[in-house]
Amino acid sequence: MPLPPVDPASVAPPPPSAAERQAATAALAERITANLNPEQARAVTTTDGPLLILAGAGSGKTRVLAHRVAYLVGVKGVRPWQILAVTFTNRAAGELRERIVALIGESAGKDVQAGTFHALCARVLRRDGEAIGVRRNFVVYDTDDQQALMKQILGEEDIEAKGATRPAAILGRISRAKNEMVDPTAIDDFIPVTGGRVAIARLATRYQERLERAGALDFDDLLLAAVRLFDAAPEVLARYQDRWRYLHVDEYQDTNRPQYLWIKALAAKHRNLAVVGDDDQSIYGWRGADIRNILDFERDYPDATVVKLEQNYRSTQLILDAAHAVVSRNKARTDKKLWTANDGGNSIRRYEAYDEDDEAEWIARRIEDLTGGRGSILTRKADDVDGTVRPLEIAVMYRMNAQSRAIEEAFLRYGIRYQIVGGTRFYQRREVKDALAYLRVLRSDSDVVSFERIINVPARSIGEKTIQALRGAAGREGLSTWDAVQAAIAGTHGLDVLASRTRNALTDFGILVKRLRARVGVLPLPELLDEVLEASGYRAMLADGSEEGEERWANLLELRAVTTRYDDLSPEDALDRLLEETALVADQDSYEGEADAVTLITIHAAKGLEFPVVFIAGLEEGVFPTSRSIDAEREMPPRLEPMEEERRLAYVGITRAKRRLYVTHASRRVFRGMGQLSVPSRFLVEIPAELMEGPLLVEGEGAAGPLDLDFVFGRNRGGRLIGGVRPGGGAYRQGSGRPGAPADGDFRPSRDLAARRGAFAAGAPSGSLASPGGGAVSAWDDDDAADAAYAAHLDDEPGRAPGRPGAPTTAGSRPPRPIVPGERRFRDGDRVRHPRFGGGIVVTSKLTRSDEEVTVVFTDPTVGRKTMLASIASLELA
DNA sequence: TGACGTCGTGTTTTT
DNA sequence: CACGACGTCA
């Protein structure tokens with residue numbers, strides 16, 4: 001702990017007696033554990049030896065970690081820098097550090113080593129990597145860089161890059177081998193191509209050679225090299241073992257083999273290893289995470305103390321019940337159940353949308369209600385959160401980034417502030433990568449990928465042919481890329497065939513780089529960046545008056561702002577740090593908890609976050625769970641792990657919600673430009689009906705029903721079943737009996753599209769529901785049955801039964817709503833069509849003396865929001 | 001060489 | 001749809 005400076009003039013107090021010191025420490029220990037439950041306290045005070053903390057979602061594990069560090073420092077007298085905390089994301093590391101600082105103060109807190117595996121390994125390698133031949137100034141190649149490199153190799157090997165020979169696909173196989181710690185240059189893995197087969201080992205060999213020559217490590221190599229270093233250089237390992245005596249690993253269930261071995265090596269000497277994790281939240285299997293690492297912890301460390309944190313402080317019991325109902329279907333998991341002292345909570349609200357735009361609109365309207373926004377139909381407080389929620393308390397989560405687009409568009413139309421986390425990551429934007437590539441070129445002669453990235457950006461007439469000549473010469477003559485450029489300028493090393501025009505261009509480029517290099521270490525980093533952008537002509541290139549150029553320039557200014565963060569370092573160190581950190585930082589870390597905006601985020605990226613209100617969109621078979629997991633399940637023999645991982649992902653998503661959860665799905669969705677019909681996700685079905693408004697399960701039609709359907713997804717008006725989902729995942733549909741219409745039978749949702757269309761046309765849309773009132777209702781109408789009932793209740797409209805009797809029986813058509821004098825013809829949420837303005841949705845509608853005033857938000861953004869009189873505008877229900 | 005159009009193709013999640 | 005590969009023309 002920091003001590004106040006000693007004033008020599010003052011009389012030093014007598015040193016405290018041993019007894020006094022002991023009492024003070026005990027008091028501190030008391031204070032640290034005061035606000036913890038007994039299990040949390042045990043996790044905090046069990047400081048020595050291996051410790052496994054099984055921490056369920058929302059059980060306060062970050063709290064435990066932070067308090068544990070405080071306890072180590074304050075009570076056990078451990079020096080802050082002897083404590084290592086490894087997290088999975090930079091954001092988690094930052095949060096943890098913040099919490100620690102809050103507990104033990106800035107000066108001690110900042111010395112605690114907290115970071116991701118990748119960042120820590122990079123740091124270790126930067127310092128000691130030379131022992132295994134890793135250059136001190138290595139660069140980290142991200143996915144883009146790797147692909148650029150692999151593309152080169154495929155070109156040289158004359159392999160057509162498509163399908164399984166796409167750079168990404170090949171790199172995926174190489175990465176998988178590395179994650180399993182199999183040497184990719186020696187694997188027996190081939191891709192069949194027309195007229196032969198491609199050996200992955202050969203491409204991997206080339207790839208590793210290139211990385212080596214470029215002085216680069218990819219993400220996987222960062223971990224592998226760090227493990228290799230500890231293995232090959234015991235004295236280096238010993239140094240780190242003695243420095244980091246108290247080890248903590250967060251999200252242990254997500255560690256892969258190299259990470260496991262790295263931490264195991266570090267822990268081998270002092271054995272003070274505390275790992276925190278939850279097998280139910282293991283969602284990175286596709287990246288090599290090995291759930292066995294946590295399941296086998298007790299086998300690895302037989303003397304381990306095991307603490308289970310099962311009290312949840314985040315969510316309502318209802319939300320926990322829903323989450324548990326889903327995840328407990330998994331076979332591979334340790335049995336456990338979270339509980340909470342929080343109240344029961346609101347039902348989960350479900351909405352079946354017509355398509356993704358309708359889904360997005362519905363979410364936007366719900367958010368208006370929740371926040372009391374301008375279009376809100378709620379004037380009364382209907383439950384604990386409605387009308388009182390701030391945008392920052394809301395998150396919309398989805399399975400894949402592509403889903404955010406429709407939601408963004410709706411938010412734009414509704415004027416809802418939002419922030420997107422993830423997606424196109426900032427440091428992956430072209431202009432940002434270009435600028436960073438310039439900076440990397442200033443630091444390295446050999447970074448081919450960066451050289452090739454910028455050598456002709458902005459255009460300086462150095463084309464593909466020239467680049468290939470340079471590359472060829474570098475390979476042939478063993479030159480660095482920079483030396484190859486010099487050789488081309490001088491016309492040596494067989495590079496004397498280039499036209500004088502290109503030689504001039506190269507000369508100019510060489511002068512530019514030299515000039516900029518002379519400024520490194522002289523100019524402060526932000527000014528160096530200015531100089532780079534100016535001298536290279538990059539700024540001029542963007543200043544073409546286009547909107548795009550402006551946007552890109554704005555991004556570069558943002559990058560410039562980042563460079564000012566390293567003001568306290570020397571310009572040279574600042575540059576190196578920038579390059580290091582930008583390679584290892586994802587945009588996930590850009591999540592701003594403070595901005596008053598709705599958060600749009602993938603479930604993966606949302607892990608570790610919590611929100612009072614959560615929407616999960618796109619709960620459809622094929623989207624969530626993904627079609628890949630469904631395909632895997634259908635393989636012979638079936639592979640069940642992908643589906644179990646999807647289920648865990650659903651669990652993670654649900655448990656992000658503190659008070660209110662909304663789940664949505666669409667009955668049709670445009671995917672890669674093509675409309676697809678969708679069936680509700682099995683995860684929706686797995687949530688017990690009584691926890692949801694708008695139950696999916698129809699009574700008496702469960703798995704044991706006569707048709708052996710997992711659930712029924714629709715009935716026609718007569719209450720006749722129109723289809724359902726088979727236990728194996730296939731779908732069943734009932735024929736309409738009409739001539740020409742398909743007959744009863746099974747079909748496969750993801751393959752037999754024609755059959756699905758048949759099912760769709762046969763009776764009713766896929767999402768028809770039995771309403772709470774018992775009548776049949778078509779949910780692609782607009783709001784689902786529960787929603788309609790809810791709205792009816794709020795509107796206090798007599799004679800409006802829930803579920804809107806008289807629902808259509810034929811897809812696409814809709815009975816006209818009768819015009820009743822003195823009664824509103826349009827209701828909030830109605831989809832309408834206007835001859836000139838196209839389709840839209842009614843936002844508000846109110847009766848005037850003699851007419852009805854309808855406000856409609858049209859789908860066409862150029863039309864926007866319009867208020868019109870129902871008697872004049874030829875507005876029709878769509 | 002570079003600008004521009006057409007065609008084909010693939011799609012999760014991220015350090 | 002959105003992006004990259006490839007072909008054509010200036």
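Quick note: numbers below take in every heavy atom, side chains included, and nothing from hydrogens, waters or symmetry partners. Residue numbering restarts at 1 for every chain, and letters A, B, ... go by the order of the sequence lines.
- Ring geometry for A:Trp262 versus A:Phe117: interplanar angle over 60°, hence perpendicular rather than tilted (30 to 60°).
- In this structure, A:Arg166 and A:Thr502 both approach DNA chain B, and ranking their closest nucleotides by distance from the 5' end singles out A:Thr502.
- Judged by distance alone, the side chains of A:Gln253 and A:Arg648 never bring a donor and an acceptor atom under 3.5 Å apart.
- Side-chain N/O atoms of A:Thr602 include one lying less than 4.0 angstrom from OP1 or OP2 on B:dT14.
- In this structure, A:Arg648 atom CZ and B:dT13 atom P are separated by 18 Å, rounded to whole Å.
- For the pair A:Leu506 CG and B:dT1 C1', the interatomic distance rounds to 14 Å; values are reported in whole Å.
- In terms of position along DNA chain B, the nucleotide closest to A:Ser629 lies nearer the 5' end than the nucleotide closest to the other residue of the pair A:Phe117 and A:Ser629.
- Distances shown here put a side-chain N or O of A:Asn456 below 4.0 Å from the OP1 or OP2 atom of B:dG2.
- When the P atom is used for both C:dG4 and B:dT13, the distance is 16 Å, rounded to whole Å.
- Ion pairing between a basic and an acidic side chain is recognised when a charged N comes within 4.0 Å of a carboxylate O; A:Glu180 and A:Arg176 show no such pairing.
- Tested against A:Ser678 for a side chain to side chain donor-acceptor pair (under 3.5 Å), the candidates A:Arg668, A:Glu620, A:Glu356, A:Glu621 yield a single pass: A:Glu620.
- The side chain of A:Asn401 contributes an N or O atom lying less than 4.0 Å from OP1 or OP2 of B:dT14.
- Within the nucleic acid shown, A:Thr116 comes within 4.0 Å of sugar-phosphate atoms alone, with no base atom in reach, counting heavy atoms only.
- For A:Phe219, counting side-chain heavy atoms from C-beta on, the closest listed nucleotide (B:dT15, B:dT13, B:dT1) is B:dT15.
- For A:Ile601 and B:dT13, the CD1 to P distance is 13 Å, given to the nearest whole Å.
- Annotation: proximity of residues 459-468 of chain A to DNA chain B (heavy atom, distance under 4.0 Å) is found for A:Ala459, A:Ser461, A:Gly463, A:Thr466, numbered in ascending order.
- Here C:dC1 presents its P atom at 11 Å from CG of A:Asp357, a figure rounded to the nearest Å.
- In this structure, the nucleotide among B:dT1, B:dG2, B:dT13 sitting nearest to the side chain of A:His604 is B:dT13.
- Between the side chains of A:Tyr538 and A:Asp434, at least one donor N or O lies within less than 3.5 Å of an accepting N or O.
- Relative to the side chain of A:Met400, the nucleotides B:dT15, C:dC1, B:dT13 differ in distance, and B:dT13 lies closest.
- Spacing between atom NZ of A:Lys607 and atom C1' of B:dT13 amounts to 11 Å, rounded to whole angstrom units.
- Counted by atom type alone, A:Tyr651 and A:Asn330 present zero donor-acceptor pairs between their side chains at under 3.5 Å.
- When the nucleotides B:dT1, B:dT14, C:dA5 are ranked by their closest atom to the side chain of A:Tyr284, B:dT14 comes out on top.
- Among the protein residues, A:Phe624 comes within range of no part of the nucleic acid, since none of its heavy atoms lies under 4.0 Å from any strand.
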Item to check | Stepwise ring-ring contact (aromatic ring centres under 6.0 Å, His included) check, A:Phe624 with A:His665 | outcome: CA-CA 10 Å; A:Phe624 191 15; A:His665 54 113; over 10 Å; no

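- At whole-Å resolution of the value, CG in A:Asp158 and C1' in C:dA5 are 15 Å apart.
- Under the 4.0 Å criterion applied to side-chain N and carboxylate O atoms, A:Arg429 and A:Glu558 are not assigned as salt-bridge partners.
- Applying the 4.0 Å criterion to OP1 and OP2 of C:dA5, one finds that A:Lys151 has a side-chain N or O inside that range.
- In this structure, A:Phe671 places its CZ atom 13 Å from P of C:dA2, rounding to the nearest Å.
- Regarding A:Tyr260, its OH atom lies at a distance of 25 Å from the P atom of B:dT15, rounded to whole Å.
- Comparing B:dG10, C:dC1, B:dT13 by their closest approach to the side chain of A:Trp286 singles out B:dT13.
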